[in-house]
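What you see is a predicted model; the values in this text were computed from it and never measured. Values reported hereafter were calculated over all heavy atoms of this structure, with side chains retained and with hydrogens, waters and symmetry mates removed. Throughout, residue positions are numbered sequentially from 1 according to the sequence presented.
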Amino acid sequence: MILQMTLSSPFLLSSCSSAHRLNPLLFSKRRHCPIKFSHFPFHLLTKTRFLTVAAAATENGVFTSPENAKSFDFSSEERIYNWWESQGFFKPNFDRGSDPFVVSMPPPNVTGSLHMGHAMFVTLEDIMVRYNRMKGRPTLWLPGTDHAGIATQLVVEKMLASEGIKRTDLSRDEFTKRVWEWKEKYGGTITNQIKRLGASCDWTRERFTLDEQLSQSVIEAFIKLHEKGLIYQGSYLVNWSPNLQTAVSDLEVEYSEEPGTLYHIKYRVAGQNDFLTVATTRPETLFGDVAIAVNPKDDRYSKFIGKMAIVPMTYGRHVPIIADRHVDKDFGTGVLKISPGHDHNDYYLARKLGLPILNVMNKDGTLNEVAGLYCGLDRFEARKKLWSELEETGLAIKKEPHTLRVPRSQRGGEIIEPLVSKQWFVTMEPLAEKALRAVEKGELTIIPERFEKIYNHWLSNIKDWCISRQLWWGHRIPVWYIVGKNCEEDYIVARNADEALEKAREKYGKNVEIYQDPDVLDTWFSSALWPFSTLGWPDVSAEDFKKFYPTTMLETGHDILFFWVARMVMMGIEFTGTVPFSYVYLHGLIRDSQGRKMSKTLGNVIDPLDTIKEFGTDALRFTISLGTAGQDLNLSTERLTANKAFTNKLWNAGKFVLQNMPSQTDVSAWEAIRNCKFDKEESVLRLPLPECWVVSELHVLIDMVTASYDKFFFGDVGREIYDFFWSDFADWYIEASKARLYQSGANSACSEAQAVLLYVFKNVLKLLHPFMPFVTEELWQALPDPEEALIVSPWPQTSLPRFPNSIKKFENFQALTRAIRNARAEYSVEPAKRISASIVASEEVIQYISNEKEVLALLSRLDLQNIHFTDSPPGDANQSVHLVASEGLEAYLPLADMVNISAEVERLSKRLSKMQVEYDGLAARLSSRKFVEKAPEDVVRGVREKAAEAEEKIKLTKNRLAFLKSSILVSQ
């Protein structure tokens, strides 16, 4: 019935485009508005106009036009990615600029499988890279993987174990051969998964930390540091992994709070009947005690200072009782046993005081000969046996539950043992001083700035770095020993075995025999060279080194600021004389929706690949990029769902733009569109108000977004684009444009609307491409005459004309539209019903509002023939709903147009009666002293809130009834 009635409207049919359409003045849809209108089913209409456009976009089989697909197909992402790579778009291009933007990808472990941490760094780095590529800078994102010494060796050992083979059954060469075979077969998994995220890396430059050239750089770095006296060998306390049989770095030790026991043991004072009670969590280490310490201000024990104590179960071994201010009087009994061979704090105290260091542990976690009868027992078995015998001898006082901070191996999960071991170390203090100055002098910027304090604190208190590992997989330490000579005093540092033998013969004679140190270097040693070793160092004449070093940006997680970032800075300055990158951008952790760290134990791990299948790569990238630098991000299905909807909104907007362009064969229409320019003030100012407004807002957005990109404020960028696209462009301008697109007869307003739609949408795609590369490229390729691929298209020009006055005018127009919509919703006016309106304003305001009468009628569902503009209230003002849209802009909506007043009075009266009953019930509960005093506080508060809400509704309903009744009286 409605369709038959509206066919007579002069605005129904349009010849602006080549296919007839229903006039959307009658069929319109809005989002975020109180009134919802449904779109006409446009898919039923002819699409002949755009077959040529769609064909052009899909002729190569890579892209799909929105004209041919209901929504963006996630399965096309891999096709698009392969096309980008095949076209060479990921390689640096010097055609448009000479100042390169260079990022070294943090190399994931070759054993790795994609997790959300990878998704975070890939997304953020790809945003930076794509933005700078579009800005015309030669852009290099250099990818690679880390050989991951411990992790890889463990994986291969497990594989061999499944075959019934132990690592020690093989020679070193045989084992490393098996590891290389594993790497060739499985090592590319993480690389392919990173590609799935859209990483636009130059894969032709992919590196592996054990590549021949990178291995040469590692050897060269070791030799140079050794020549400067910065590498030395010695026996020191390290983190030891008994199962892995190697030292491990601080980073590879994870501490967990676990239930344990505090043991109270008697230590007799030599020559007296007194004893001291020591509380310890590790009684088995008492065989390594070298002193007993108390706080000098602890009056309980001051009389014992300077005397000797007898270590239990050691056949009367005496140790001194000393005073040290670092002893915590309140922990345990306030008496501390000093076991420097098995505790980091004790170790540094013993070195400071010149105490001996006793090691009671073998490298497999069993006790050695120092433990006497306990020799050969596992450390935990020894603990049980020792306590039992202490109880038998009366030296055990008590044991009590105690929460321990237990150090566990990140790789194997076993408890780490502090152990004195002969290792290779780097002296860090002179390297750290230069790295500190780099930040002080502004040569290196850390984002966010607060991490500078952490960086400075760590470097100012740095300890020497243990760089040797007792593994077979990794960079072999380039040191050779002389058979029959002392290893610590007689050794050769060389680039290879031949050079080592030559040096040894010069020093020890022709018959000398040499053998290489069996240890390998810490994986972090090669990683510290990553920004320059990957570019050709130590060959400083290498083309890539000359073009791309120093790099621009290092982006990584804040948790490895010390272990990787600071070391790269130190090594970069030491070996190249230059800070290896200008900026360090630190991201936070991705947590679950409740803010918990993701873990298999909690069952809250979100798999990026599963997420991509369900929501698409673009939605995932957009979601995790909206955080703030250095802050953890909570990831939820709700956020992913919302951003998947954003992808769909983009797709539908693209479909609308395409459906409302002229036919490719309509030369004159396209000429009119191309003649619309938006880079000159006079051309923008000549546009109708909605067009001038949206173009002005776009130009403001381009400047804001560009500035935020340059400051690395990616969360701001994403939110700014999202708000503009969804609210300004999709919700307002696309809807307003329909008033132009479906007017009867082709005209300049139609061409301007088409030109503005195309111009704004293209620029939105450009601004959004670094965040959502796949859907934006797909849409870009579907648009008429794409100049080139979006990935390499020029970034939008900044400082384009914008008119604040036009923006203000359209904001008034929006306020008027919203006010009318809200009134319609308030009075439950049927969506299809058109109502009259009198717009009251000054002559200036009326002029620009009345010029957009068709748009106002479309967006507010007004009767176009009954919109009146005046400078004073209409005669029926007292029978109308009065709206104040903004200062100096009002509207009067005749009540009779909106509702059947008598029926509405009857409906509201019934509703008021129900509301009164509900309110009376709530009031009765609150008047009950028993309820108020005995009911839970939150229940009482809830009833009070409901009562207040009900009271407010009653007041509003009474006012509405009074207004309606007065209207009836006036009309009578």
Discussion item. Set out, in order, the CA-CA distance, both residues' side-chain angles and the distance that settles side-chain hydrogen bond (donor to acceptor under 3.5 Å, both in side chains) for Tyr722 and Asn643, then state yes or no.
Written reply: CA-CA 10 Å; Tyr722 181 97; Asn643 290 324; 5.3 Å; no

Item to complete: Kindly indicate, with the supporting measurements, whether the criterion side chain to side chain contact (heavy atoms under 4.5 Å, CB included) is fulfilled by Val694 and Phe724.
Response: CA-CA 9 Å; Val694 77; Phe724 171 83; 4.1 Å; yes

Worksheet entry | Phe725/Phe646 under ring-ring contact (aromatic ring centres under 6.0 Å, His included): CA gap, chis, key distance, verdict | CA-CA 10 Å; Phe725 169 78; Phe646 183 40; 5.8 Å; yes

Worksheet item: After noting the C-alpha distance and the side-chain angles of Ser886 and Asn812, does the key distance pass the side-chain hydrogen bond (donor to acceptor under 3.5 Å, both in side chains) rule?
Response: CA-CA 7 Å; Ser886 61; Asn812 280 344; 3.2 Å; yes

Discussion item. Could you walk me through whether Leu893 and Tyr827 satisfy the side chain to side chain contact (heavy atoms under 4.5 Å, CB included) test, starting with their C-alpha distance in whole Å, then the side-chain angles of each, then the deciding distance to 0.1 Å, before giving a yes or no?
Written reply: CA-CA 11 Å; Leu893 309 180; Tyr827 284 89; over 6 Å; no

Discussion item. Please evaluate residues Phe869 and Ile867 with respect to the criterion side chain to side chain contact (heavy atoms under 4.5 Å, CB included), reporting the C-alpha separation (whole Å), side-chain torsions for both, the decisive distance (0.1 Å), and the verdict.
Written reply: CA-CA 7 Å; Phe869 298 92; Ile867 305 176; 3.7 Å; yes

Worksheet item: For Phe90 and Tyr81, what are the C-alpha separation, side-chain angles and deciding distance, and is it a ring-ring contact (aromatic ring centres under 6.0 Å, His included)?
Response: CA-CA 10 Å; Phe90 299 164; Tyr81 187 90; 5.2 Å; yes

Worksheet entry | salt bridge (charged side-chain N to carboxylate O under 4.0 Å, His left out) assessment of Asp716 paired with Arg719 | CA-CA 5 Å; Asp716 291 348; Arg719 285 183 287 273; 3.2 Å; yes

Discussion item. Set out, in order, the CA-CA distance, both residues' side-chain angles and the distance that settles side-chain hydrogen bond (donor to acceptor under 3.5 Å, both in side chains) for Asn660 and Tyr742, then state yes or no.
Written reply: CA-CA 10 Å; Asn660 287 285; Tyr742 304 111; 2.6 Å; yes

Item to complete: Go through His769 and Ile791 one step at a time and tell me if the side chain to side chain contact (heavy atoms under 4.5 Å, CB included) criterion holds.
Response: CA-CA 7 Å; His769 176 74; Ile791 187 175; 3.8 Å; yes

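What you find for Leu758 and Pro784 is that their closest heavy atoms are CD1-CD, 4.1 Å. Across Val717 and Ser708, no two heavy atoms sit closer than the pair CG2-CB, 3.4 Å. Nearest heavy-atom pair across Ala789 and Gln781 is CA-NE2, 3.6 Å. Across Leu658 and Pro66, no two heavy atoms sit closer than the pair CD1-CD, 3.6 Å. Here the closest non-hydrogen pair linking Leu883 and Ala823 is CD2-CB, 3.9 Å. Between Lys649 and Ala730, the closest heavy-atom pair is CE-CB, 3.6 Å.
Between Leu889 and Ile839 the shortest side-chain heavy-atom distance falls below 4.5 Å. Between Phe713 and Met704, every side-chain heavy-atom pair lies at or beyond the 4.5 Å cut-off. Between Leu687 and Phe678 the shortest side-chain heavy-atom distance falls below 4.5 Å. Looking only at side-chain heavy atoms (C-beta outward), Asp126 and Arg621 come within less than 4.5 Å of each other. Counting heavy atoms from C-beta outward, Asp728 and Tyr733 have side chains that stay 4.5 Å or more apart. Under the 4.5 Å side-chain criterion, counting only non-hydrogen atoms from C-beta, Arg740 is in contact with Pro688. Inter-residue side-chain proximity for Leu689 and Asn851 is flagged as unmet; no heavy-atom pair is nearer than 4.5 Å. For the pair Pro773/Arg130, a side-chain contact is recorded, criterion being any heavy-atom separation below 4.5 Å from C-beta on.
With hydrogens and angles disregarded, a donor-acceptor distance shorter than 3.5 Å links the side chain of Asp666 to the backbone of Ala669. With Arg821 contributing its side chain and Leu816 its backbone, the two residues share no donor-acceptor pair below 3.5 Å. Not one N or O on the side chain of Ser860 forms a donor-acceptor pair closer than 3.5 Å with the backbone of Leu862. One N or O on the side chain of Trp670 and one on the backbone of Ser663 form a donor-acceptor pair closer than 3.5 Å. Panel note: side chain Arg639, backbone Ile624; no donor-acceptor pair is recorded below 3.5 Å. A donor-acceptor pair is defined here as one N or O able to donate and one able to accept, closer than 3.5 Å; no such pair exists between the side chain of Arg96 and the backbone of Pro138. Of the possible polar contacts, none joining the Glu854 side chain to the Ala739 backbone as a donor-acceptor pair under 3.5 Å is found. Using a distance-only test at 3.5 Å, with no hydrogens or angles considered, no donor-acceptor pair links the side chain of Trp651 to the main chain of Asp73. For Arg818 (side chain) and Phe813 (main-chain N/O), no donor-acceptor pair under 3.5 Å exists by modelled atom type. Ser737 places a side-chain N or O within 3.5 Å of a backbone atom of Ile734 that can act as its donor or acceptor partner.
Between Glu778 and Arg79, none of the side-chain N atoms (NZ, or NE/NH1/NH2) sits under 4.0 Å from a carboxylate O, so this pair counts as no salt bridge. Taking 4.0 Å as the cut-off between side-chain N and carboxylate O, Arg802 and Asp703 count as a salt-bridged pair.
Interatomic distance, CG of Asn93 versus OG1 of Thr139, reported as 9.0 Å (0.5 Å rounding). Remark: Glu777 CD to Trp83 CH2 distance equals 5.5 Å, nearest 0.5 Å. Distance check, rounded to the nearest 0.5 Å: CG of Leu779 to NZ of Lys655 gives 10.5 Å. For the atom pair Ser65 OG and Leu783 CG, the distance stands at 8.5 Å (nearest 0.5 Å). Interatomic distance, Asp723 CG to Trp726 CH2, rounded to the nearest 0.5 Å: 11.0 Å. A distance of 4.0 Å separates CD1 of Ile612 from OG1 of Thr617, quoted to the nearest 0.5 Å.
Seen from the ring of Trp795, Lys766 does not count as a face-on cation partner, given the 6.0 Å and 45° thresholds.
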In a table with atom names and distances, give each donor-acceptor pair under 3.5 Å that connects a side chain of residues 803-810 to protein atoms at least two apart or in another chain.
none

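Aromatic ring centres of Phe774 and Trp84: separated by under 6.0 Å.
Looking at Val684, Val756, Leu757, Val760 one by one, the single match for side-chain contact (heavy atoms from CB on, under 4.5 Å) with Glu691 turns out to be Val756.
Side-chain atoms of Tyr131 and Asp710 include a donor-acceptor pair closer than 3.5 Å. Side-chain atoms of Asp897 and Ser836 form a donor-acceptor pair, as typed in the model, at a separation below 3.5 Å.
For Glu682, the CD atom is densely surrounded, since the number of other residues' heavy atoms within 6.0 Å is greater than 12.
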